[in-house]
Amino acid sequence: MRNNTPNDAPNDTRKTAVIIGASRTLGLGLAAEYLRRDWDVIGTVRGSRRTGLHDLAEASGGRLTVESLEMTDPEQISALRDRLAQRTLDLLFVNAAITRGDIPIGEVPTDMFTDVMITNALSPMRVVETLGPLVAPTGTIGVMSSDQGSITLNTEGGQDLYRASKSALNQLMRSYAARQAGDTRTLLLMDPGWVRTELGGPEADLSVEESIPGVAETIERHQGKPGLHFVDYQGQVVPW
């Protein structure tokens, strides 16, 4: 399903970002930030219910398109690629992720483990593999990672399954980068900081409004730097 605001076709002079998982919090904030930076934005939501992204689209003057995507369904990813086949993307950014609470790994049910790994690691890579060819040679492919995916920084434990899923995502992006040796595009693993979202919790250090401008600025600063970079919202390198 596509929900376009009335009026305008895409402006060829503006850059275009696709943000996967843009219905709320970080993804919605990122969509709004790129509109402020005068980009055309295509954001995805799950299902057909109305979200904050639809409200943002109505106020965007035609610069924001809302697409429906269940990221865990490969057929829907392929259908989105077909709908976007005539577009050249400057940024493809996969934001979607889930958590299922702070449970020691030995107590995690198999179906919960599978659900989180499919959503946080496998599905983002399916998006990257399927939509990546639409990204311009000077463009950027990014995924929302976390410093909790860093093996080096894991000195306290906790959030075992979420950490493992982000570490898996990092490793899969590294494999993707190795297969793309010589590619001129920028590849990013982005740590947004500890943000007050449903996933980050109310005790987190940052608001969405404090994190997202830094995320966008870091993405822009890395444009034209090929290869894979693991960085945070302040542009600092995150250790693997």
> Between the side chain of Asn95 and the main-chain N/O of Gly21, is any donor-acceptor distance below 3.5 Å?
Replying inline: yes
> How far does CZ of Arg83 sit from CG of Leu80, to the nearest 0.5 angstrom?
Replying inline: 5.0 Å
> Closest approach of Val238 and Leu153, non-hydrogen atoms and distance?
Replying inline: CG1-CD1, 4.1 Å
>> Under 4.0 Å between a side-chain nitrogen and a carboxylate oxygen: does that hold for Arg50 and Glu58?
In response: yes
>> I need the minimum non-hydrogen distance between Pro239 and Phe230, along with the two atoms involved.
In response: O-CE2, 3.8 Å
>> Hydrophobic clustering (ILVMFWY, side-chain heavy atoms < 4.5 Å, transitive) - are Met144 and Leu161 grouped together?
In response: no
>> Which heavy atom of Ser123 sits nearest to which heavy atom of Ile77, and what is that distance?
In response: O-CD1, 4.4 Å
>> Give me the atom names and distance for the closest heavy-atom approach of Ser211 to Leu26.
In response: OG-CD2, 4.3 Å
> Okay, side chain of Thr218, backbone of Tyr233: is any donor-acceptor separation there less than 3.5 Å?
Replying inline: yes
> For the side chain of Thr186 and the backbone of Lys225, is there at least one donor-acceptor N/O pair under 3.5 Å apart?
Replying inline: yes
> So, Ser146 versus Asp191: side-chain donor-acceptor pair below 3.5 Å or not?
Replying inline: no
> When you measure from the side chain of Arg185 to the backbone N and O of Pro226, does any donor-acceptor pair fall under 3.5 Å?
Replying inline: no
>> Counting C-beta onward and ignoring hydrogens, is there a side-chain heavy-atom pair between Thr65 and Asp40 closer than 4.5 Å?
In response: no
>> Does Thr16 form a side-chain contact (heavy atoms from CB on, under 4.5 Å) with Leu91? I'd like the steps, not just the answer.
In response: CA-CA 7 Å; Thr16 300; Leu91 172 66; over 6 Å; no
> Hey, is CD on Gln171 packed in by over 12 heavy atoms from elsewhere, all under 6.0 Å?
Replying inline: no
>> For Arg174 versus Leu228, what's the shortest heavy-atom pair and its separation?
In response: CA-CD2, 3.6 Å
> Would you say the side chain of Thr184 lies within less than 4.5 Å of the side chain of Thr138, judging by non-hydrogen atoms?
Replying inline: no
> Under 3.5 Å, is there a donor-acceptor pair between the side chain of Glu210 and the main chain of Ser207?
Replying inline: yes
> Which atoms form the tightest heavy-atom contact between Ala168 and Ala121, and what is the distance?
Replying inline: CB-CB, 4.0 Å
> Has Arg196 got more than 12 heavy atoms of other residues, nucleotides or ligands less than 6.0 Å from its CZ?
Replying inline: yes
> Can Met71 be reached from Val135 by stepping across I, L, V, M, F, W or Y side chains whose heavy atoms are under 4.5 Å apart?
Replying inline: yes
>> Any carboxylate oxygen within less than 4.0 angstrom of a Lys/Arg side-chain nitrogen, looking at Glu33 and Arg36?
In response: yes
> Taking atom CZ of Arg179 as the centre, does the number of heavy atoms from other residues, nucleotides or ligands within less than 6.0 Å exceed 12?
Replying inline: yes
> Any link between Val127 and Val116 through a network of hydrophobic side chains (Ile, Leu, Val, Met, Phe, Trp, Tyr) touching at under 4.5 Å?
Replying inline: no
> About how many Å separate OG of Ser60 and CG of Asp55, when rounded to the nearest 0.5 Å?
Replying inline: 11.5 Å
> With side chains defined as the heavy atoms from C-beta onward, is the minimum distance between Arg46 and Ser23 less than 4.5 Å?
Replying inline: no
> What do you reckon, is CZ of Arg37 surrounded by more than 12 foreign heavy atoms closer than 6.0 Å?
Replying inline: yes
> Within a reach of under 6.0 Å around CD1 of Ile105, are more than 12 heavy atoms found that belong to other residues, nucleotides or ligands?
Replying inline: yes
> Heavy atoms, side chains only, cut-off 4.5 Å: are Met173 and Leu187 in contact?
Replying inline: yes
>> With heavy-atom distances below 4.5 Å as the criterion, would you say the side chains of Ile219 and Gln223 are in contact?
In response: no
> Taking C-beta and beyond as the side chain, do Val45 and Leu69 meet within less than 4.5 Å on heavy atoms?
Replying inline: no
> Between Ser150 and Trp240, is any pair of side-chain heavy atoms under 4.5 Å apart?
Replying inline: no
>> For Ile141 and Leu188: C-alpha separation, side-chain torsions, deciding distance, then whether side-chain contact (heavy atoms from CB on, under 4.5 Å) applies.
In response: CA-CA 6 Å; Ile141 299 173; Leu188 292 178; over 6 Å; no
> Can a donor-acceptor pair be found between the side chains of Gln159 and Lys166 at a distance below 3.5 Å?
Replying inline: no
> When you check the gap from the basic side-chain N to the acidic O, do Arg100 and Asp115 get nearer than 4.0 Å?
Replying inline: yes
> At what distance, to the nearest 0.5 angstrom, does CD1 of Ile212 lie from OH of Tyr34?
Replying inline: 9.0 Å
>> Just verifying a value: how many Å separate Thr44 OG1 and Glu70 CD, rounded to the nearest 0.5 Å?
In response: 9.5 Å
> Is the shortest heavy-atom distance from the side chain of Val231 to the side chain of Leu189 under 4.5 Å?
Replying inline: no
> Applying the 4.5 Å side-chain criterion to the ILVMFWY set and letting contacts propagate, would Met125 and Leu92 be lumped into a single cluster?
Replying inline: yes
>> For the CG atom of Asp90 and the OG1 atom of Thr140, what is their distance to the nearest 0.5 Å?
In response: 8.5 Å
>> So for atom CZ, which belongs to Phe113, do other residues, nucleotides or ligands contribute more than 12 heavy atoms lying within a distance under 6.0 Å?
In response: no
> Are Tyr176 and Leu89 joined in one hydrophobic group, where the rule is that I, L, V, M, F, W and Y side chains link up if heavy atoms are under 4.5 Å apart?
Replying inline: yes
> Is the backbone N or O of Pro192 less than 3.5 Å from a side-chain atom of Asp232, with the two atoms forming a donor-acceptor pair by type?
Replying inline: no
>> Quick check for you: to the nearest 0.5 Å, what is the distance between Leu53 atom CG and Leu64 atom CG?
In response: 5.0 Å
>> I'd like to know whether Asn170 forms a side-chain contact (heavy atoms from CB on, under 4.5 Å) with Leu172, so could you lay out the CA-CA distance, the side-chain angles of the two residues, the decisive distance to 0.1 Å, and finally the verdict.
In response: CA-CA 5 Å; Asn170 293 352; Leu172 291 170; over 6 Å; no
> So Leu134 and Arg87, side-chain contact (heavy atoms from CB on, under 4.5 Å) or not? Walk me through it.
Replying inline: CA-CA 7 Å; Leu134 302 180; Arg87 305 292 295 271; 6.0 Å; no
